[in-house]
Enquirer: 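Below you'll find the structure I mean.
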Amino acid sequence: MIINLRIWRQEGPDSPGKLADYTVREASEHMSFLELLDVLNEQLLADGDDPVEFDSDCREGICGSCGLMVAGIAHGPQKRTAVCQLHMRSFKDGDTITVEPFRAHAFPVIRDLVVDRSAFDRIIAAHGYVSVTTGSAPDANAIPIPKDAAEEAMDYAACIGCGACVAACPNGSASLFTAAKIAHLAQLPQGQVEASQRVMAMVDQMDVEGFGDCSNYTECEAVCPKGISVDGIASMRRAYMKGVLSG
Amino acid sequence: MKLMNALMSPVGRKVLTGATGIGLVAFVIAHMIGNLTYLSPDVNAYNAYAYKLMSLGWLFYTIEILLALCFLLHAVVGISIQVRRRKARPVGYKFYKSAGAPGKSGYSARSMIFTGIILLGFLILHLNSFKYGPGVAEGYTVELAGIGEVRDLRRLMTEKFQEPLYAFGYPLVMILLGMHMRHGVWSALQSLGVMSRRLSPYLYTTAAILGVLVAVGFLFVPLYIYFGV
Ligand code: HEM
Ligand code: SF4
Ligand code: FES
């Protein structure tokens with residue numbers, strides 16, 4: 001299949017960028033979207049041009065490194081799929097696809113489609129962990145946890161920190177990511193000890209990083225490759241208010 | 001101080017828009033039901049209802065002040081949230097599309113700032129036409145059995161809604177109010193942390209029903225007056 005691409009090219013953090021047009025003639029519907037970009041880059045290198053920079057690592061939807069706006073949607077049109085798992089069969093022969101980096105003040109562009117998502121690391125560093133002694137794995141298994149709580153914790157733990165929720169949010173809010181981390185730990189007895197400090201510190205860090213406020217548009221849930229639910233955001237708000245009221 | 005910081009946090013700002021929004025929703029529903037007394041076969045029902053409200057005395061004024069505070073806070077925080085979005089994404093997308101379901105971002109959600117600002121403008125015009133419009137001093141009076149002479153609001157309403165601008169402008173704004181509530185009601189509950197896996201689908205539908213009921217309840221009276229009398 002023939003695929004036309006309009007890709008955001010930007011030399012560096014402070015240089016102006018623009019959309020550039022490319023055509024890949026040897027695309028196959030079995031390729032992933034990132035493999036299509038690999039083919040494009042070989043073409044560019046053969047022509048002596050700079051390849052398009054983009055992030056990826058596992059290419060199996062579990063690491064959270066990849067992340068592109070494909071055809072106007074974070075991770076592309078296929079639901080619950082990271083862009084590394086998006087296949088060209090989602091497109092038609094002759095399609096023109098716009099590819100842009102995830103955009104947010106807190107996610108500055110480094111080059112082309114690569115953005116700096118370390119703001120997420122700082123939200124985790126604020127308190128996205130358990131600092132009480134939890135023992136080793138057998139000790140953890142000695143604490144009974146209701147099946148429903150374990151399942152819910154697991155659902156929220158599925159967040160891979162890709163940043164698609166921020167990219168899709170009309171406000172550039174990081175609420176879904178932050179809520180996923182908080183809701184995950186809040187389900188487990190080891191996490192409950194520091195629940196209040198955790199939610200306050202992480203929510204405040206979100207603000208410090210310059211993410212926007214949440215208007216409950218729920219675009220985040222629609223693009224999340226792991227289907228994290230916005231119910232987590234309601235639960236983060238409950239936990240925050242509880243923290244404020246209990247002092 | 002700690003509470004102030006908490007209210008200015010990303011969660012706090014939403015708790016503010018949500019709580020004030022719910023207060024406004026309660027007011028709007030009460031106001032809508034009150035207006036329906038215009039349709040009562042007893043021609044004095046509407047004026048008697050208005051008079052009874054006013055004679056609540058300090059309770060009435062307390063509610064008025066609370067409402068004014070709700071409107072003010074709601075508008076200021078709501079608009080500031082929308083202003084911050086530009087700072088949070090200074091460089092926008094050349095091409096952006098809503099991803100659709102399971103997202104719930106329809107016209108109502110995306111137009112909150114527009115419907116909100118129109119409601120603010122409408123509120124000022126509306127207070128000016130009715131609350132601060134012609135009253136007893138201008139001869140708009142009616143004699144109520146057992147009460148005496150009171151302001152004839154019913155006459156003012158009947159006159160105003162003979163004018164096409166009022167008769168059709170009001171219903172239009174009420175449809176926008178319905179849209180504001182369609183997203184607003186469930187969004188406020190999400191902001192206040194009421195939504196959950198079990199409740200969300202019901203509350204989402206309730207918001208839509210409330211939006212439609214309030215819009216229809218409000219827009220019926222002006223159209224009834226224009227076409228009916
Ligand atoms: C004074 C004029 C008004 C303005 C300027 C205004 C503005 C706004 C804005 C901008 C939002 C979205 C906030 C956000 O993005 O997070 C909003 C939400 C909301 N509005 Fe209004 N609004 C007004 C009047 C009303 C009225 C009369 C009602 C009652 C029916 C109402 C109920 C709500 C509710 C329930 C929400 C949801 C709050 C939340 O998401 O937490 N608003 N309003
Ligand atoms: S919540 Fe979903 S979209 Fe957001 S960072 Fe986690 S996995 Fe990515
Ligand atoms: S490359 Fe690891 S999730 Fe896509």
Side-chain angles (χ1 to χ4, degrees), chain A residues 6 8 17 19 69 71-75 77 79 98 100 103-107 109 152 166-175 178 199-200 203-204 206-207 210-223 227 229-231 233-245 247, chain B residues 2-19 77-78 80-106 109-110 112-113 183-184 186-200 203-204:
Chain A
R6 310 201 68 200
W8 185 261
L19 287 172
M69 292 300 277
I73 299 176
H75 288 305
K79 302 265 172 222
T98 306
E100 292 182 79
R103 294 224 182 263
H105 167 74
F107 286 174
V109 172
E152 207 174 325
V166 173
C169 176
N171 293 5
S173 166
S175 292
T178 310
V199 64
M200 312 273 255
V203 165
D204 288 346
M206 208 162 71
D207 210 18
F211 289 107
D213 286 320
C214 167
S215 288
N216 302 325
Y217 292 121
T218 65
E219 285 290 345
C220 51
E221 179 176 333
V223 299
S229 160
V230 293
D231 293 340
I233 300 179
S235 118
M236 169 175 81
R237 289 171 174 148
R238 280 198 296 279
Y240 189 90
M241 286 185 274
K242 203 171 138 207
V244 171
L245 296 176
Chain B
K2 209 172 138 233
L3 189 67
M4 271 314 280
N5 284 343
L7 285 176
M8 285 297 112
S9 75
V11 170
R13 286 192 283 265
K14 287 310 293 178
V15 170
L16 282 179
T17 53
V77 182
S80 81
I81 288 174
Q82 297 291 317
V83 170
R84 284 168 57 91
R85 67 192 279 178
R86 291 194 206 301
K87 274 202 247 159
R89 181 172 294 127
V91 184
Y93 294 109
K94 298 277 181 226
F95 183 55
Y96 173 89
K97 247 172 67 182
S98 165
K104 300 183 171 78
S105 174
R110 275 183 289 241
M112 289 304 274
I113 184 71
H183 176 73
W186 82 262
S187 174
L189 295 173
Q190 169 79 353
S191 296
L192 295 169
V194 179
M195 300 290 261
S196 68
R197 204 172 279 205
R198 199 167 48 79
L199 288 175
S200 297
L203 294 177
Y204 188 65

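Note that the structure is a prediction, hence the values are computed from the model and not measured. All values below come from the heavy atoms of this structure, side chains included, with hydrogens, waters and symmetry mates left out.
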Enquirer: Heavy-atom cut-off 4.5 Å, strictly under: side chain, backbone, both or neither for A:L245 against chain B?
Expert: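 Looking at A:L245, nothing touches chain B.
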
Enquirer: Do you know the tightest heavy-atom contact between B:A88 and A:G172?
Expert: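 Shortest heavy-atom separation between B:A88 and A:G172 comes out as CB-O, 4.2 Å.
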
Enquirer: By a 4.5 Å heavy-atom criterion (distance strictly below it), what part of B:A101 contacts chain A: side chain, backbone, both, or neither?
Expert: backbone

Enquirer: Would you find a donor on one side and an acceptor on the other, under 3.5 Å apart, between the side chain of A:E221 and the backbone of B:P102?
Expert: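 Looks like no, no N/O pair under 3.5 Å.
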
Enquirer: Just give me the residue among B:R86, B:R110, B:H183 that pairs up with chain A most often, heavy atom to heavy atom, under 4.5 Å.
Expert: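 Looking at each option in turn, the highest pair count goes to B:H183.
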
Enquirer: Would you say A:Y217's side chain and B:G106's backbone share a donor-acceptor pair under 3.5 angstrom?
Expert: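 Flag not set: sc A:Y217 to bb B:G106 has no pair under 3.5 Å.
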
Enquirer: So which part of B:K87 gets closer than 4.5 Å to some heavy atom of chain A, the side chain, the backbone, both or neither?
Expert: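 It is the backbone, since no side chain atom gets that close.
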
Enquirer: Look at A:M236, A:H105, A:E152 and state which one has the largest set of heavy-atom pairs under 4.5 Å with chain B.
Expert: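 That would be A:H105.
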
Enquirer: For a side-chain contact (heavy atoms from CB on, under 4.5 Å) check, start with the C-alpha distance between A:S229 and B:R197, then their side-chain angles and the critical distance, and finish with the verdict.
Expert: CA-CA 9 Å; A:S229 160; B:R197 204 172 279 205; 5.7 Å; no

Enquirer: Identify which part of A:P170 has an atom lying under 4.5 Å from any heavy atom of chain B, answering side chain, backbone, both or neither.
Expert: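 A:P170 touches chain B through backbone and side-chain heavy atoms alike.
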
Enquirer: Check whether B:K94 reaches the backbone of A:E100 with its side chain - one donor and one acceptor, N or O, closer than 3.5 Å.
Expert: no

Enquirer: Which bit of A:F211 comes within less than 4.5 Å of chain B, counting heavy atoms only: side chain, backbone, both or neither?
Expert: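 A:F211 touches chain B through backbone heavy atoms alone.
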
Enquirer: Counting only non-hydrogen atoms closer than 4.5 Å, does B:R13 touch chain A with its backbone (N, CA, C, O), its side chain (CB onward), both, or neither?
Expert: side chain

Enquirer: Tell me, for A:S235 versus chain B, whether the close heavy atoms (under 4.5 Å) come from the side chain, the backbone, both or neither.
Expert: neither

Enquirer: What are the two closest non-hydrogen atoms of B:I81 and A:S215, and how far apart are they?
Expert: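 Minimum heavy-atom separation between B:I81 and A:S215: CG2-OG, 3.7 Å.
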
Enquirer: How long is the span from the CE atom in A:M200 to the CG atom in B:N5, to the nearest 0.5 Å?
Expert: 9.5 Å

Enquirer: Closer than 3.5 angstrom, by distance alone: can the side chain of A:R238 be matched with the main-chain N or O of B:G193 as a donor-acceptor pair?
Expert: yes

Enquirer: Could you tell me whether B:R198 and A:D231 have a side-chain N and a carboxylate O separated by less than 4.0 Å?
Expert: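 Result for this pair is no, no salt bridge flagged.
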
Enquirer: Between chain B and each of A:G227, A:S175, A:A167, count heavy-atom pairs under 4.5 Å; write down the option with the most.
Expert: A:A167

Enquirer: Can you name the closest pair of heavy atoms from B:G100 and A:A222 and give their distance?
Expert: O-CB, 3.3 Å

Enquirer: So which of A:A106, A:C169, A:S173 has the largest heavy-atom pair count under 4.5 angstrom toward chain B?
Expert: A:C169

Enquirer: Which answer fits B:V11, side chain, backbone, both or neither, if we ask what part of it has an atom under 4.5 Å from a heavy atom of chain A?
Expert: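 Both the backbone and the side chain of B:V11 come within 4.5 Å of chain A.
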
Enquirer: For each of B:R89, B:Q82, B:K97, B:K14, tally heavy-atom pairs with chain A at distances under 4.5 Å, and name the one with the top tally.
Expert: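 Result: the option with the highest number of such pairs is B:R89.
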
Enquirer: Measure the shortest side-chain to side-chain distance between B:Q190 and A:V230 over non-hydrogen atoms and say whether it is less than 4.5 angstrom.
Expert: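 Yes, at least one pair of side-chain atoms sits under 4.5 Å.
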
Enquirer: Taking atom types as modelled, is there a side-chain donor on A:N216 or B:S191 under 3.5 Å from an acceptor on the other?
Expert: yes

Enquirer: Keeping the roles fixed (side chain from B:Y96, backbone from A:A168), state whether a donor-acceptor pair exists under 3.5 Å.
Expert: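 Flag set: sc B:Y96 to bb A:A168 pair under 3.5 Å.
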
Enquirer: Using heavy-atom distances under 4.5 Å, tell me whether B:S200 contacts chain A through its side chain, its backbone, both, or neither.
Expert: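 The answer is the side chain of B:S200.
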
Enquirer: Could you go step by step and tell me if A:M241 and B:V15 meet the side-chain contact (heavy atoms from CB on, under 4.5 Å) rule?
Expert: CA-CA 9 Å; A:M241 286 185 274; B:V15 170; 3.8 Å; yes

Enquirer: Sort out for me which of A:G212, A:A74, A:C214 touches chain B most, counting heavy-atom pairs under 4.5 Å.
Expert: A:C214

Enquirer: When you compare the side chain of A:D207 with that of B:R84, does any pair of heavy atoms fall below 4.5 Å?
Expert: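 A side-chain contact exists here, since the closest heavy-atom pair is under 4.5 Å.
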
Enquirer: B:A6 and A:V244: which non-hydrogen atoms are nearest, and at how many Å?
Expert: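 Heavy atoms only, the tightest pair is CB-CG2, 3.6 Å.
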
